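Before any comments, here is the structure.
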Amino acid sequence: MMDAGGHWRNWVGNQSCIVRHRGAPESEAALSEMVREATSNGLNVRCAGSGHSFTPVALTSGLHLTLSKLQGITNIDAARKRVSVHAGTTINTLGKALKANGLSMINQGDIDSQALAGALTTGTHGTGLTLGNMASQIVGMRLVQPDGRVLVINDNQPDMLDAARVSIGMLGVISEITLQVMDSYNLHEKLWRCTFDECMEQHDELAATHRHFGFFWCPVPESRHCYCLPDTSSVSTTTSLSDVCEMKTIDITDRPPMESAFEKIAYSSEIYPIEYVPNFHELEYAVPVKYGKQACMEVRKLMLEKHPTCIYPIEYRFTAGDGGWISPFFEQDSITLSVSGEPGTDYWDYLKDVDDILRQFGSRPHWGKLHFLGAEDVAALYPRARDFKALRNKLDPEGRFLNDHLRQLFG
Ligand SMILES: Cc1cc2nc3c(=O)[nH]c(=O)nc-3n(C[C@H](O)[C@H](O)[C@H](O)COP(=O)(O)OP(=O)(O)OC[C@H]3O[C@@H](n4cnc5c(N)ncnc54)[C@H](O)[C@@H]3O)c2cc1C
């Protein structure tokens, strides 16, 4: 049963829509029936996760779904270390359930409040030169089709899995995901500050010798406060507070939990997330790893020389390539570089200048973060874009799972 419509906005408040109907199904069967009813009445359908995307990916004027009542683990295959999870489960909830079962996700990003399907379908990633994005951990999915049928995909259909793992919700409403996980592990996190030059000198070695390495470049002291970064002055190799990098390495350890000023050991899912408040509008692109340092140096120069008032940090991380047809990391080991504009200011010239720089390196955007891609760029940047569009059109010929933003890119 679909509910009356209303207004929806995303977490940070830069995207909103007026929807005809809302739905919060409590079972896959109820979800299927809602989708069937909506499409048979000529309505389009989008499902939101926790609304943490900065792009219009979750918007619709038709049926707007949430799977917040479809949460929890449905099956654990202990021998193969695989878990099946309702698609609306938040990453935080999943982490706790895995811990209770002696398991951990292979990698996670900076927050854990996203719905699992929402995070995976945009290509959400953490950091680690040898670690793929979170969707690369998918080994099976169930997707509700426009007529309410359930399409089941498993690892006997590698092509379908690669099409669906990052698909921005365009191949159906995901009702369940099966993930490859691993035995539970503790992580040891270390934080410190150094100059930008020191960071660039140590970049290759730190990326190669730690499971996770990433940093925030802060042009001015206030930059740290934009993202609530801790004050690492006491473990700094520089006395400067400007033009510095807030560094982080994380590695698996057998040691028990501990916490000191800039070092912490805890269960994996408790180490990954950091705190953010909705005070930024973010752009992020995946840059081929061989161009990472050059791209970072050029964006830093742009910020210092042309946009000195843009002081949100650059966040810089690593992600291994994967097979996802429209994954930002398709067959390309990458660094990810993000910058942010301050809500309420006109930051578009700045973000476009960053886009101009990153474009030169063949970079691909995070689908959940601001970008400037058009349909021609999609065709040029994703070798399997044509296959993806053909499959999307076959599964959903009337484009019921598209919205204006996605139709322009993939219609
Ligand atoms: C503070 C903050 C920190 C972040 N940190 C990171 C990070 O560390 N790494 C990173 O890569 N990204 C990060 N992101 C981006 C974020 O992970 C992505 O935008 C992610 O897609 C948001 O998940 P969500 O559950 O909020 O989904 P939403 O933003 O609500 O939706 C994202 C997409 O998923 C679709 N969708 C949701 N559920 C379903 C479903 N069941 N079936 C089909 N489609 C569905 C929606 O229609 C939409 O297209 C961050 C964002 C914020 C605001």
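From a predicted model like this one, the values you see are computed outputs, not experimental measurements. Counting starts at 1 for both ligands and their atoms, in listed order.
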Structural part of Trp8 in contact with ligand 1, heavy atom criterion under 4.0 angstrom: neither
Backbone or side-chain N or O of Arg317 under 3.5 Å from ligand 1 N or O: yes
Within the 6.0 Å centroid threshold, strictly below: Phe410 and Trp325: no
Atoms in ligand 1 flagged as close to Lys369, the criterion being non-hydrogen separation under 4.0 Å: 6 (C), 12 (N), 13 (C), 14 (N), 15 (C)
For atom 41 (N) of ligand 1, the protein heavy atom that lies nearest, with its residue and separation: Ile174 O, 2.9 Å
Atom indices of ligand 1 within 4.0 angstrom of Tyr276 heavy atoms, with elements: 1 (C)
Six-ring centre of Phe330, Arg364 cation under 6.0 angstrom, axis tolerance 45°: no
Closest non-hydrogen atom pair between Leu43 and Arg400, with its separation: O-CD, 3.2 Å
Ligand 1 contacted by Phe280 (non-hydrogen, < 4.0 Å): yes
Lys96-Asn92 side chain donor-acceptor pair, cut-off 3.5 Å: yes
For Gln114, atoms of ligand 1 separated by under 4.0 Å from a heavy atom: 16 (C), 17 (O), 22 (C), 23 (O), 24 (P), 25 (O)
Sequence neighbours left out, cut at 3.5 Å: what donor-acceptor pairs do the side chains of residues 103-111 make with other protein atoms?
| residue | atom | partner | partner atom | Å |
| --- | --- | --- | --- | --- |
| Ser104 | OG | Tyr185 | N | 3.2 |
| Ser104 | OG | Ser268 | OG | 2.8 |
| Asn107 | ND2 | Thr127 | O | 3.3 |
| Gln108 | OE1 | Ser269 | OG | 2.6 |
| Asp110 | OD1 | Arg317 | NH1 | 3.3 |
| Asp110 | OD2 | Tyr276 | OH | 2.8 |
| Asp110 | OD2 | Arg317 | NH1 | 3.4 |

Test side chain to side chain contact (heavy atoms under 4.5 Å, CB included) applied to Trp367 and Leu406, Leu409, Thr124, the passing residue: Leu409
Min N/O separation Ala117 to ligand 1 under 3.5 Å: no
For ligand 1, the portion of Trp11 having any non-hydrogen atom under 4.0 Å away: side chain
Set of salt bridge (Lys or Arg N to Asp or Glu O under 4.0 Å) partners for Arg211, sequence neighbours left out: none
Gly109: numbered ligand 1 atoms lying under 4.0 Å from its heavy atoms: 8 (O)
Protein contact to atom 12 (N) of ligand 1 [nearest heavy atom, distance to 0.1 Å]: His366 NE2, 3.0 Å
Contact (N/O only, under 3.5 Å) between Gly49 and ligand 1: yes
Heavy-atom nearest neighbour in the protein, as seen from atom 24 (P) of ligand 1, with distance rounded to 0.1 Å: Ser50 N, 3.3 Å
Ligand-residue contact atoms, ligand 1 with Gly169, heavy atoms, under 4.0 Å: 43 (C), 44 (N)
Minimum heavy-atom distance between Lys81 and Asp183, given as atom pair plus value: CE-OD1, 2.8 Å
For Ser53, the ligand 1 atoms whose distance to one of its heavy atoms is below 4.0 Å: 18 (C), 19 (O), 20 (C), 21 (O), 22 (C), 28 (P), 29 (O), 31 (O), 32 (C)
Atom indices of ligand 1 within 4.0 angstrom of Gly172 heavy atoms, with elements: 43 (C)
Criterion ring pair (Phe, Tyr, Trp, His ring centres under 6.0 Å) against His203, the qualifying member of Trp217, Phe196, Phe215, Phe318: Phe318
Option nearest atom 20 (C) of ligand 1 (shortest heavy-atom distance, choices Thr122, Leu406, Thr336): Thr122
Sub-4.0 Å heavy-atom approach of Phe401 to ligand 1: no
Min heavy-atom dist Ile168 to ligand 1 below 4.0 Å: yes
N-O pairing of Arg165 and Asp322 below 4.0 Å: no
Atom 9 (N) of ligand 1 [closest protein heavy-atom partner, distance rounded to 0.1 Å]: His125 O, 2.8 Å
Subset of ligand 1 atoms that lie under 4.0 Å from at least one heavy atom of Ala115: 25 (O)
Option whose closest heavy atom lies nearest to atom 51 (C) of ligand 1, chosen from Glu315, Glu275, His52: His52
Residue part near ligand 1, for Arg46, under 4.0 Å between non-hydrogen atoms: side chain
Exam field: side chain Thr209 to backbone Glu205, donor-acceptor pair closer than 3.5 Å: yes
Audit row: Tyr285, His366, ring-ring contact (aromatic ring centres under 6.0 Å, His included) steps and yes/no: CA-CA 6 Å; Tyr285 286 25; His366 187 311; over 10 Å; no
Flag if over 12 foreign heavy atoms under 6.0 Å of CD, Gln360: yes
Check: Val57 N/O within less than 3.5 Å of ligand 1 N/O: yes
Closest contact, heavy atoms only, Gly172 versus Leu143: O-CD2, 3.9 Å
Heavy-atom nearest option to atom 34 (O) of ligand 1, drawn from Thr319, Thr121, Val144, Ile274: Thr121
Protein heavy-atom partner closest to atom 2 (C) of ligand 1 - residue, atom, separation in Å: Ile111 CD1, 3.4 Å
Close aromatic pair by centroid cut-off 6.0 Å: Phe54 and Phe280: yes
Parallel, tilted or perpendicular, as decided by the 30° and 60° cut-offs, for the rings of His405 and His371: tilted
Option of least heavy-atom distance to atom 46 (C) of ligand 1 (set: Cys47, Ala48, Ala286): Cys47
For atom 27 (O) of ligand 1, the protein heavy atom that lies nearest, with its residue and separation: Gly118 CA, 3.5 Å
